[in-house]
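Take a look at the structure below.
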Amino acid sequence: MEHQVAKEAHAVAPPPNSVEAGKPAGVGGVVQSENPSPLCFSFTYPDVPPAQAPVPADKAAAGSATDRDAVLAKVEMERKLSMVKAWEEHEKSKVDNRAEQKMSYILSWENTKKASIEAKLRTREEKLEKKKAEYAEKMRNQMAAIHKEAEEKRASVEAKRQEEVLKYQETAAKHRSKGTTPKKKFLQCFG
């Protein structure tokens with residue numbers, strides 16, 4: 001049905017009544033229609049001399065209608081092929097756009113995930129550095145406490161030693177002044 005409507009819309013009208021003398025209709029001229037459309041055709045016969053142009057009317061009409069139908073069918077086929085090609089290009093561009101959009105989405109997703117992981121890594125590294133610094137400070141404090149305690153113990157031992165030395169010096173001074181000897185046996189192995 002659509003094919004018939006297209007044929008009717010693009011049909012070529014019979015030649016006009018004003019024909020130059022000595023020239024058959026359509027020779028060296030243009031066949032025109034009442035409804036000009038982009039699919040109107042011009043027929044020229046540059047190789048055919050005007051004397052050979054007369055052809056029987058029923059053969060010319062039958063031949064021109066057949067030629068016209070063939071040309072219209074060819075034009076219709078070309079139109080369909082061009083529409084198919086346009087449709088194909090349109091669908092390809094849609095597929096390309098969709099793929100490009102998905103690639104862009106994937107790249108954005110990848111960058112977001114990488115940034116998130118890098119941020120977590122930096123946060124963890126900062127926490128570890130902070131814990132490391134706190135632990136190092138704690139160890140330094142423990143070392144300082146141990147050093148302080150050792151100094152106190154050294155001072156205590158030194159003070160006790162000083163007291164004992166002083167005590168023995170006083171005791172030795174008493175024994176010297178009295179001329180006595182200590183009661184404890186100093187060298188028990190001799191006697």
Side-chain angles (χ1 to χ4, degrees), residues 1-14 26 28-47 63-167:
M1 181 69 181
E2 181 182 319
H3 183 63
Q4 291 174 350
V5 172
K7 278 185 181 179
E8 290 174 10
H10 302 296
V12 177
V30 177
V31 178
Q32 299 177 353
S33 67
E34 292 176 14
N35 298 336
S37 71
L39 297 176
C40 288
F41 304 100
S42 65
F43 297 98
T44 58
Y45 303 100
D47 297 338
S64 66
T66 306
D67 289 344
R68 187 175 0 137
D69 288 344
V71 169
L72 287 175
K74 183 178 177 183
V75 167
E76 183 65 22
M77 182 56 73
E78 288 175 358
R79 184 183 70 82
K80 286 181 181 178
L81 289 175
S82 69
M83 292 195 57
V84 167
K85 186 175 181 179
W87 174 82
E88 180 185 15
E89 292 298 322
H90 178 70
E91 292 300 317
K92 283 181 182 178
S93 68
K94 282 180 13 182
V95 166
D96 290 343
N97 289 342
R98 244 183 275 130
E100 187 64 33
Q101 186 178 13
K102 286 182 181 180
M103 291 293 196
S104 175
Y105 173 77
I106 290 169
L107 180 64
S108 172
W109 174 82
E110 179 185 19
N111 290 339
T112 303
K113 291 294 183 180
K114 282 182 178 178
S116 173
I117 289 173
E118 287 174 358
K120 283 182 182 178
L121 179 64
R122 278 192 302 273
T123 304
R124 296 237 172 128
E125 286 176 347
E126 288 171 2
K127 284 182 181 178
L128 287 174
E129 287 295 323
K130 186 177 178 183
K131 282 185 178 181
K132 182 179 174 182
E134 288 174 359
Y135 187 72
E137 182 66 26
K138 185 177 177 182
M139 293 297 110
R140 282 192 292 272
N141 289 343
Q142 285 181 354
M143 289 174 66
I146 290 170
H147 183 70
K148 181 181 176 186
E149 189 176 341
E151 288 295 322
E152 288 174 357
K153 286 183 178 182
R154 282 189 197 103
S156 172
V157 168
E158 185 65 29
K160 191 172 185 180
R161 184 181 74 83
Q162 290 288 341
E163 287 176 9
E164 288 180 3
V165 166
L166 190 59
K167 177 181 156 187

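Remember, predicted model here, so these are calculated numbers, not experimental data. Counting from 1, the numbers follow the sequence of the chain as shown.
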[atom1]-[atom2] distance between [X] and [Y], expressed to the nearest 0.5 angstrom:
| X | Y | atom1 | atom2 | result |
| --- | --- | --- | --- | --- |
| L72 | M77 | CG | CE | 13.0 Å |
| R124 | L121 | CZ | CG | 9.0 Å |
| W109 | N111 | CH2 | CG | 10.5 Å |

| said: For Q101, is the CD atom crowded, meaning more than 12 foreign heavy atoms sit under 6.0 Å from it? | reply: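 For Q101, atom CD is not crowded (no more than 12 foreign heavy atoms under 6.0 Å).
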Using a cut-off of 6.0 Å, state whether more than 12 heavy atoms not belonging to M103 lie near its atom CE.
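Counting neighbours around CE of M103, 12 or fewer heavy atoms of other residues, nucleotides or ligands fall under 6.0 Å, so no.
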**Report entry** Expected output: side-chain S104 to main-chain E100 donor-acceptor under 3.5 Å
**Finding:**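 Answer holds: no.
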- Task: Output yes when a side-chain donor or acceptor of T123 lies under 3.5 Å from a complementary backbone atom of A119, and no otherwise.
- Result: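 At least one qualifying donor-acceptor pair exists.
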message: Evaluate K138 against E134 for salt bridge (Lys or Arg N to Asp or Glu O under 4.0 Å), listing each step before the verdict.
response: CA-CA 6 Å; K138 185 177 177 182; E134 288 174 359; over 6 Å; no
Salt bridge between [X] and [Y], side-chain N to carboxylate O under 4.0 Å?
| X | Y | result |
| --- | --- | --- |
| E110 | K113 | no |
| K114 | E118 | no |
| K92 | E88 | yes |
| E76 | R79 | yes |

Would you say the side chain of E137 lies within less than 4.5 Å of the side chain of N141, judging by non-hydrogen atoms?
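They are in contact (side-chain heavy atoms under 4.5 Å apart), so the answer is yes.
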Within the structure provided, determine whether R161 and E158 are in side-chain contact (heavy-atom separation under 4.5 Å).
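Yes; the side chains approach each other to less than 4.5 Å.
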- Task: Applying salt bridge (Lys or Arg N to Asp or Glu O under 4.0 Å), run through K167 and E164 and close with a yes or a no.
- Result: CA-CA 5 Å; K167 177 181 156 187; E164 288 180 3; over 6 Å; no
- Task: Go through the steps to decide whether K160 and E163 satisfy the test salt bridge (Lys or Arg N to Asp or Glu O under 4.0 Å), and finish with yes or no.
- Result: CA-CA 5 Å; K160 191 172 185 180; E163 287 176 9; over 6 Å; no
message: side-chain contact (heavy atoms from CB on, under 4.5 Å), that's the test. Do E152 and K148 meet it? Break it down for me.
response: CA-CA 6 Å; E152 288 174 357; K148 181 181 176 186; 3.5 Å; yes
